[in-house]
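Numbers restart at 1 for each chain; the letters A, B, ... are given by sequence-line order, proteins then strands.
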Number of protein chains: 2
Amino acid sequence: MKSPKLDFDTPLVTVDIAIFSVIEGALAVLLVKRPDAPEEPFPNHWALPGGFIDLDQDADLLACARRKLKEKTGLASPYLEQLGAWGGNKRDPRGWSVTQVYFSLLSADGLELRAGANAADVKWARIEQNETGVDDRLAFDHKTLLAAAVQRLRGKVEYTSLPAFLLPEEFTLSELQRVYEIVLGRPVEKSAFRKRVGDAGLVEKVPRQRLSANRPAQLYRLKKRAAPIYFPRTFSPRG
Amino acid sequence: MKSPKLDFDTPLVTVDIAIFSVIEGALAVLLVKRPDAPEEPFPNHWALPGGFIDLDQDADLLACARRKLKEKTGLASPYLEQLGAWGGNKRDPRGWSVTQVYFSLLSADGLELRAGANAADVKWARIEQNETGVDDRLAFDHKTLLAAAVQRLRGKVEYTSLPAFLLPEEFTLSELQRVYEIVLGRPVEKSAFRKRVGDAGLVEKVPRQRLSANRPAQLYRLKKRAAPIYFPRTFSPRG
DNA sequence: GAAATAGTGTCTGTAAGACATTATATT
DNA sequence: AATATAATGTCTTACAGACACTATTTC
């Protein structure tokens with residue numbers, strides 16, 4: 001990896017994505033299985049989806065992350081945010097490497113996972129409420145990357161509208177509250193929750209209701225699908 | 001930059017740092033002048049200090065940032081935080097490049113700036129209260145990087161103890177309040193400020209006073225120099 | 001004692017937590 | 001009518017903002 005012009009080595013550069021959703025009432029992250037080939041690092045280990053930047057195809061880092069996201073989920077524009085970078089001489093046996101980590105939130109409703117060219121398998125792995133990781137042993141330093149992503153998500157949930165991106169386009173306030181509770185790992189008081197969501201101007205009614213064996217619930221959607229909303233205070237309960 | 005093992009190109013990788021301090025009552029950022037040599041990109045332009053990773057010398061990204069910080073300021077451990085990464089095929093005329101941007105806060109008291117090997121000159125550039133940048137035209141996309149760093153700093157000041165890292169080790173509460181006002185660009189109410197700082201357990205008294213032509217002020221220092229403190233609410237004034 | 005800044009106290013407004021109450025559908 | 005969940009109302013608590021007031025030094 002020596003540069004002919006610059007006469008010094010540059011590290012390997014990858015982009016990895018922590019893709020979160022809510023599956024069967026729990027927070028889950030998308031994992032891909034690394035190839036079986038013995039010349040590959042961490043063969044057969046589960047890992048966050050990602051890989052090298054394609055200097056011809058990717059105009060910038062975000063485009064690279066979007067491409068990888070689309071390869072795995074088929075979705076073009078779920079919520080996508082840069083988390084941070086991890087780089088050093090120890091994290092990849094092939095040498096000094098840097099990975100740009102993104103995290104994405106999406107609704108798994110009707111989603112078909114796709115195995116990529118370099119991934120034999122794909123799955124959703126559950127993240128328990130008091131944990132920051134999954135049961136599987138992950139490749140590289142992906143345990144660290146995932147823990148950072150989970151912490152960022154849990155932290156921002158306290159004061160932003162991020163969990164709304166884990167739901168399909170239309171949802172009831174009870175469903176939204178439930179997602180907050182799943183991500184936070186603790187119950188949220190209904191009245192306070194609704195006041196907050198209402199005051200923040202986060203959602204708007206759609207002229208439909210969710211029917212069930214009891215009183216039907218009003219359906220809502222996000223006013224702006226693009227940007228998260230910041231609340232003036234956190235959800236922190238009384239000490 | 002083709003990898004012999006992996007058979008594809010990797011981008012150039014740099015680390016840049018936005019080093020902030022308070023100089024003459026205003027927020028300021030440290031800039032270095034790029035070399036005069038015509039083969040260099042942006043000759044003679046001011047830029048954020050930074051440069052390529054030294055794969056032999058730097059164990060990881062943070063170590064690389066610390067090395068560059070020490071080269072310019074002589075300081076070993078001021079506040080240093082990862083801001084984000086910018087990468088693409090347009091930002092450097094030499095090709096696809098990624099820069100890892102850090103930001104640092106330090107007290108300029110008694111600091112001697114040092115010109116680095118690749119920088120003919122060093123200076124503090126003032127950032128006006130309603131601006132996110134400096135008067136000089138900066139090299140590469142450093143205007144964008146600097147604006148992001150300033151916004152992150154201003155944003156976090158609303159709910160963290162970050163400005164304390166812009167002061168020398170011992171300071172009075174009035175001095176601390178003044179730094180908050182400089183970074184926020186608006187006055188802060190004294191009583192509320194002191195209650196907040198007190199409740200957060202941010203500082204502790206040292207047995208000394210700052211003497212002047214009036215009532216002397218109690219000197220304080222941070223309880224923990226390492227980590228910033230998060231306040232439960234922001235400083236936002238009433239709307 | 002005048003000046004100047006340090007430091008404290010009190011009142012108010014806003015938003016969240018706790019908890020009770022009302023509303024509206026199905027079976 | 002019973003049941004289940006949706007939606008709202010009221011009371012309390014915590015903390016920030018506004019502003020007045022007291023304290024302690026130098027000149």
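Look at CG on D199(B): it is 14 Å from C1' on dG9(C), rounded to the nearest Å. The CD atom of Q177(A) sits 13 Å away from the P atom of dT5(D) (whole-angstrom rounding). Straight-line distance from the CZ atom of F171(A) to the P atom of dT5(D): 21 Å, rounded to whole Å. Computed from coordinates, the E189(B) CD to dA20(D) P distance equals 11 Å when rounded to whole Å. With rounding to whole Å, L176(A) atom CG is found 12 Å from dA7(D) atom P. In this entry the distance linking CZ of R196(A) with C1' of dT14(C) reads 13 Å, nearest Å. Rounded to whole angstrom, the span from the CG atom of L173(A) across to the P atom of dT5(D) amounts to 16 Å. The interatomic distance linking E175(A) (CD) with dT5(D) (P) rounds to 13 Å, in whole Å.
DNA chain D lies under 4.0 Å from at least one heavy atom of each of the following residues of residues 213-221 of chain A: N214(A), R215(A), P216(A), A217(A), Q218(A).
Applying the 4.0 Å criterion to OP1 and OP2 of dA6(C), one finds that S174(B) has a side-chain N or O inside that range.
Between K195(B) and L211(B), the residue anchored nearer the 5' end of DNA chain D, judged by the nucleotide with its closest heavy atom, is K195(B). DNA chain C is contacted by both S212(A) and R194(B); R194(B) maps to the nucleotide lying nearer its 5′ end (nearest heavy atom per residue).
Checking E81(B) against Y79(B) by side-chain atom types alone, a donor-acceptor pair falls below 3.5 Å.
Shown here are the salt bridge (Lys or Arg N to Asp or Glu O under 4.0 Å) partners of D58(A), two or more places apart in sequence or in another chain: R67(A). Under the salt bridge (Lys or Arg N to Asp or Glu O under 4.0 Å) criterion, R66(A) pairs with no residue at all, not counting sequence neighbours. Shown here are the side-chain contact (heavy atoms from CB on, under 4.5 Å) partners of R137(A), two or more places apart in sequence or in another chain: H45(A). Listed by chain and number, the residues in a side chain to side chain donor-acceptor pair (under 3.5 Å) with S21(A) amount to none (sequence neighbours excluded). For K123(A), the side-chain contact (heavy atoms from CB on, under 4.5 Å) criterion is met by L31(A), W46(A), A125(A), D136(A), not counting sequence neighbours.
Listed candidates were dA7(D), dA6(C), dT10(D). Nearest to the side chain of S191(A) is dT10(D). Closest to the side chain of K190(B), out of dA6(C), dA16(C), dG17(D), is dA6(C).
Exactly one of E204(B), E170(B), E175(B) qualifies for a salt bridge (Lys or Arg N to Asp or Glu O under 4.0 Å) with R221(B). That residue is E204(B).
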